[in-house]
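So you know, we letter chains A, B, ... as the sequences are listed, proteins then strands, and number each from 1.
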Protein chains: 2
Amino acid sequence: MSRAEALSPARLKDAAPLFAALGDATRLGLLVSLCSGGPLTVTRLSGQFDVSRQAITKHLEVLSEAGLVKSARHGRERIWTFEPKRLEDAHQYLERLSREWDVALDRLKAFVET
Amino acid sequence: MSRAEALSPARLKDAAPLFAALGDATRLGLLVSLCSGGPLTVTRLSGQFDVSRQAITKHLEVLSEAGLVKSARHGRERIWTFEPKRLEDAHQYLERLSREWDVALDRLKAFVET
DNA sequence: AAAAAATGCAACCAATGGGTTGCGTCATTC
DNA sequence: GAATGACGCAACCCATTGGTTGCATTTTTT
């Protein structure tokens with residue numbers, strides 16, 4: 001991948017929904033629970049928050065569409081697990097942004113010094 | 001700061017609006033523009049997107065409240081600049097999450113091996 | 001086979017978000 | 001000093017979001 005393509009509009013459209021999924025306190029809480037508390041069911045998860053089970057289900061679906069969690073039926077219950085891959089994408093995106101910023105600063109510095 | 005406090009609910013409430021501000025393609029685009037294109041005015045910025053100037057103003061205010069951009073009046077125009085500090089916060093938050101995940105994996109591994 | 005547990009599904013509701021248009025204000029420039 | 005340019009403010013609109021309640025469905029469990 002070329003440096004110039006690092007922050008293309010295509011990547012913006014990819015990164016935005018990912019950050020949007022992270023942009024809710026309850027969903028971040030769910031991620032932390034699944035992260036450190038291991039795979040869990042909806043009913044157990046909803047016990048840790050003061051919203052209904054159905055609300056938690058919706059949040060988990062949002063996280064799922066963003067690729068941050070995964071679920072699997074197991075008998076009568078559905079087990080949700082954290083999915084670290086997309087987190088790395090978000091991480092890389094922030095990295096590229098701050099790198100772009102550093103490059104700009106260097107350009108400015110070079111310009112001032114000449 | 002203790003490790004146990006690294007992902008406290010207080011931090012969730014702090015991180016959520018930050019990610020929410022990043023969770024929109026137009027706003028990410030604005031950040032990229034301000035990042036690599038240097039400080040700009042609203043009208044110049046809105047020329048780069050196919051939404052109205054007023055819409056861009058709203059987006060910039062969201063970014064501003066999240067601490068991702070800063071503005072200063074200069075004569076009849078207002079100059080917007082990128083603010084890298086809060087980006088570092090977001091970065092650190094993701095870092096803590098994935099570290100929490102690694103710790104959990106290690107715990108699991110230790111448990112399986114005994 | 002009946003009760004209980006875990007989830008799915010749908011309707012509904014209030015608030016927020018992203019967008020618009022219209023107009024007023026203030027600094028510049030001619 | 002009058003036109004222009006950049007911006008602020010407010011009202012309004014529609015779609016989305018986060019939440020609820022109620023009830024149906026599917027596995028367990030007893």
Side-chain angles (χ1 to χ4, degrees), chain A residues 9 12-34 37-82, chain B residues 9 12-34 37-82:
Chain A
L12 296 189
K13 288 227 185 86
D14 188 51
L18 181 52
F19 286 122
L22 294 170
D24 179 279
T26 306
R27 284 197 290 271
L28 284 180
L30 286 171
L31 283 186
V32 173
S33 289
L34 291 179
L40 288 170
T41 76
V42 193
T43 31
R44 288 200 59 116
L45 279 168
S46 54
Q48 306 178 13
F49 302 87
D50 53 355
V51 291
S52 70
R53 169 182 60 85
Q54 288 88 336
I56 297 293
T57 299
K58 286 191 185 178
H59 281 303
L60 286 171
E61 272 161 9
V62 171
L63 290 172
S64 174
E65 281 195 22
L68 289 164
V69 301
K70 195 175 62 178
S71 76
R73 267 328 259 283
H74 203 266
R76 80 177 143 181
E77 50 189 21
R78 174 180 292 268
I79 311 290
W80 294 86
T81 51
F82 179 62
Chain B
L12 295 189
K13 288 227 186 88
D14 188 52
L18 180 52
F19 286 122
L22 294 170
D24 179 279
T26 306
R27 284 198 290 270
L28 284 180
L30 286 170
L31 284 185
V32 172
S33 289
L34 292 179
L40 287 169
T41 76
V42 192
T43 32
R44 288 198 62 116
L45 279 168
S46 54
Q48 306 179 13
F49 303 85
D50 52 355
V51 292
S52 70
R53 169 182 59 86
Q54 288 86 337
I56 298 292
T57 299
K58 287 191 185 179
H59 280 305
L60 287 171
E61 271 161 10
V62 172
L63 289 172
S64 174
E65 281 196 22
L68 289 164
V69 302
K70 196 176 61 179
S71 76
R73 269 325 260 283
H74 202 266
R76 78 177 145 182
E77 47 188 25
R78 173 181 291 267
I79 311 290
W80 295 84
T81 50
F82 179 63

For [X] and [N], is the shortest distance between a side-chain N/O and OP1 or OP2 below 4.0 Å?
{"X": "B:R78", "N": "D:dG8", "value": "yes"}
{"X": "B:T43", "N": "D:dC7", "value": "yes"}
{"X": "A:H59", "N": "D:dG19", "value": "yes"}

Using the closest heavy atom to pick a nucleotide of DNA chain D for each, name whichever of A:G75 or A:V62 lands nearer the 5' end.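 So the residue in question is A:V62.
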Regarding B:S52, tell me which of base, sugar-phosphate or nothing describes its non-hydrogen contacts under 4.0 Å with the strands shown.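 Base, at least one base atom sits under 4.0 Å.
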Within the 4.0 Å heavy-atom criterion, would you say A:R27 contacts the bases, only the backbone, or no part of the nucleic acid?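 A:R27: backbone/sugar contact only, no base atoms under 4.0 Å.
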[X] [atom1] - [N] [atom2] separation (whole Å):
{"X": "A:Q54", "N": "C:dA10", "atom1": "CD", "atom2": "C1'", "value": "11 Å"}
{"X": "A:R76", "N": "C:dG8", "atom1": "CZ", "atom2": "C1'", "value": "15 Å"}
{"X": "B:F19", "N": "D:dT17", "atom1": "CZ", "atom2": "P", "value": "19 Å"}
{"X": "A:W80", "N": "C:dT7", "atom1": "CH2", "atom2": "C1'", "value": "11 Å"}
{"X": "A:L40", "N": "C:dA5", "atom1": "CG", "atom2": "C1'", "value": "17 Å"}
{"X": "B:L63", "N": "C:dG18", "atom1": "CG", "atom2": "C1'", "value": "13 Å"}
{"X": "A:E77", "N": "D:dT29", "atom1": "CD", "atom2": "P", "value": "9 Å"}
{"X": "A:D24", "N": "D:dT17", "atom1": "CG", "atom2": "P", "value": "11 Å"}

Do A:L22 and A:L31 make a side-chain contact, defined as non-hydrogen atoms from C-beta onward lying under 4.5 Å apart?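 They are in side-chain contact.
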Where do A:L45 and A:S33 come nearest, in terms of heavy atoms and distance?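 Residues A:L45 and A:S33, closest heavy atoms: CD2-CB, 3.8 Å.
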How close do A:W80 and A:L34 get, heavy atom to heavy atom, and via which atoms?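 Distance-wise, the nearest heavy atoms are O-CD2, 3.4 Å.
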Evaluate whether atom CD of B:Q48 has more than 12 neighbouring non-hydrogen atoms of other residues, nucleotides or ligands under 6.0 angstrom away.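 Yes.
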Is the number of heavy atoms from other residues, nucleotides or ligands within 6.0 Å of CZ (A:R78) greater than 12?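 Enclosed: over 12 neighbouring heavy atoms sit under 6.0 Å from CZ of A:R78.
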Base C:dG17 to side chain B:K58, donor-acceptor N/O within 3.5 Å cut-off: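 For B:K58, whose side chain was compared with the base of C:dG17, there is no donor-acceptor pair (under 3.5 Å).
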Give a yes or no on whether a donor-acceptor pair under 3.5 Å exists between the nucleobase atoms of C:dG8, that is its base, and the side chain of A:R53.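 Side chain to base: pair present.
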